[in-house]
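We're numbering straight along the sequence, starting at 1.
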Amino acid sequence: DQPAPFLRLDLVRTPQGFKVIDINLTRPAGLGDYLTLDHLYKRLGSAHQFPTGEVFSGTVRNCFEQWMEYRGSYGKARIAILLAETAGDWHNFQALATALREQTWVDSVDVVATVKAITDGDYNCVIRGRVKFGHPQFIQLLALPTDRFCVISPLGWRFLGNKYWFVALRDPALRGLFAKRLSERELAILDRAIPETGVLSGNMVVFPDRTVPLSSLTRKEWVLKP
């Protein structure tokens, strides 16, 4: 029931608070760095601590155990983290692998560079690194039998990562639909966190409530994203 277990937000800090400018879903990028910082904060006796390792391991365990329940069998996780040796996330995932090895429900954790290294006898759970649509190994990863391998994150389109959500959340025509699913408090959080967003169309920017020339927007006050 976690279609996006590793949801990450790109934020910018403004005088009005943090604003979300992107939603990422593929992999737990940067989390190992925070885990390292948590260890350092703890050693220094700092109050700035967050149970990063526990949250990450708990998320992986929840996904794995739901997959095992779906299969009707039980056992320990034998995890392969799929990540090229030259990937920028290498040290990040090494830290996460160490956190997973400390868990009683985990039998083993290895960082592997190719899908071909993932075999039934060695692994039953795969955490993908920077392997997504367009990657040379993505088709091979997609071909792994889902009854024998629990793949985290799921290999679907980045539905929740589509930036049209930013426009839709501000669209008066859709506001009632979101209000049926979210509380007033949740809507208020989104209103504060999601900046005003428009769609670039030629030399014009189409906002939910108006259309303005692109040249009328001050460059330093706006972010342009594909």
Side-chain angles (χ1 to χ4, degrees), residues 1-12 18-42 48-68 76-115 117-118 122-138 140-142 144 146 149-163 165 193 225:
D1 62 2
Q2 293 193 44
F6 301 136
L7 190 148
R8 297 174 289 114
L9 303 177
D10 287 348
L11 306 171
V12 293
F18 285 102
K19 301 294 183 183
V20 179
I21 59 171
D22 203 2
I23 303 174
N24 301 287
L25 309 171
T26 307
R27 65 197 190 282
L31 196 63
D33 301 324
Y34 279 106
L35 181 58
T36 302
L37 283 173
D38 285 337
H39 289 317
L40 178 60
Y41 287 144
K42 185 176 182 178
H48 298 286
Q49 296 178 42
F50 185 80
T52 306
E54 290 84 347
V55 171
F56 169 71
S57 299
T59 299
V60 176
R61 180 177 186 175
N62 188 38
C63 292
F64 177 72
E65 290 186 347
Q66 286 189 9
W67 175 79
M68 290 289 283
K76 289 191 173 184
R78 303 185 309 278
I79 301 172
I81 297 177
L82 180 60
L83 186 74
E85 294 178 357
T86 56
D89 282 343
W90 196 86
H91 288 286
N92 173 76
F93 275 99
Q94 286 293 335
L96 296 177
T98 298
L100 287 171
R101 292 189 186 106
E102 297 172 352
Q103 306 302 310
T104 58
W105 55 274
V106 174
D107 186 49
S108 62
V109 183
D110 295 313
V111 178
V112 301
T114 66
V115 176
I118 301 173
D122 294 327
Y123 308 108
N124 56 13
C125 182
V126 181
I127 299 176
R128 62 171 169 148
R130 196 186 295 266
V131 180
K132 49 188 177 182
F133 291 96
H135 191 282
Q137 297 191 65
F138 184 83
Q140 294 176 316
L141 185 59
L142 193 64
L144 289 178
T146 55
F149 297 96
C150 170
V151 180
I152 312 171
S153 297
L155 299 169
W157 288 104
R158 289 184 55 197
F159 177 67
L160 291 172
N162 193 308
K163 296 171 189 64
W165 282 112
K225 303 216 71 173

Once you round to the nearest 0.5 Å, how far does [atom1] of [X] lie from [atom2] of [Y]?
X	Y	atom1	atom2	answer
Arg130	Leu82	CZ	CG	13.0 Å
Asp122	Ile79	CG	CD1	13.5 Å
Leu9	Asn24	CG	CG	8.0 Å
Phe56	Tyr34	CZ	OH	15.5 Å

So which of Thr36, Leu37, Leu35 actually passes side chain to side chain contact (heavy atoms under 4.5 Å, CB included) with His39?
Leu35

Single hit among Ile127, Thr59, Val60, Asn62 for side chain to side chain contact (heavy atoms under 4.5 Å, CB included) with Pro5
Thr59

Heavy-atom side-chain proximity of [X] to [Y] below 4.5 angstrom:
X	Y	answer
Phe50	Val55	yes
Leu141	Val126	yes
Trp105	Arg61	yes
Val112	Tyr123	yes
Ile81	Val109	yes
Gln94	Val111	yes
Asn124	Cys150	no

So, using side chain to side chain contact (heavy atoms under 4.5 Å, CB included) as the criterion, who are the partners of [X] when residues are at least two apart?
X	value
Thr98	Arg101, Glu102
His135	Val131, Gln137, Phe138
Asp33	Asn92
Glu54	Pro51

Treating [X] as the side-chain partner and [Y] as the backbone partner, does any N or O pair qualify as donor plus acceptor under 3.5 Å?
X	Y	result
Trp67	Thr146	yes
Asp107	Ala77	no
Thr26	Gly129	no
Arg8	Ile23	no

Might you point out which heavy atoms bring [X] and [Y] nearest each other, and give the distance in Å?
X	Y	answer
Arg128	Ser153	NE-O, 3.2 Å
Leu83	Trp90	CD2-CA, 3.5 Å
Cys63	Ile152	CB-CD1, 3.7 Å
Thr52	Leu31	CG2-CD1, 3.5 Å

Check side chain to side chain donor-acceptor pair (under 3.5 Å) between Lys225 and all other residues, then give those that pass, not counting sequence neighbours.
Asp22

Around atom CZ of Phe149, are there more than 12 heavy atoms of other residues, nucleotides or ligands at under 6.0 Å?
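Counting neighbours around CZ of Phe149, more than 12 heavy atoms of other residues, nucleotides or ligands fall under 6.0 Å, so yes.
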
Tell me which pairs pass salt bridge (charged side-chain N to carboxylate O under 4.0 Å, His left out) where either residue lies in residues 86-98, with sequence neighbours left out.
Arg27-Asp89

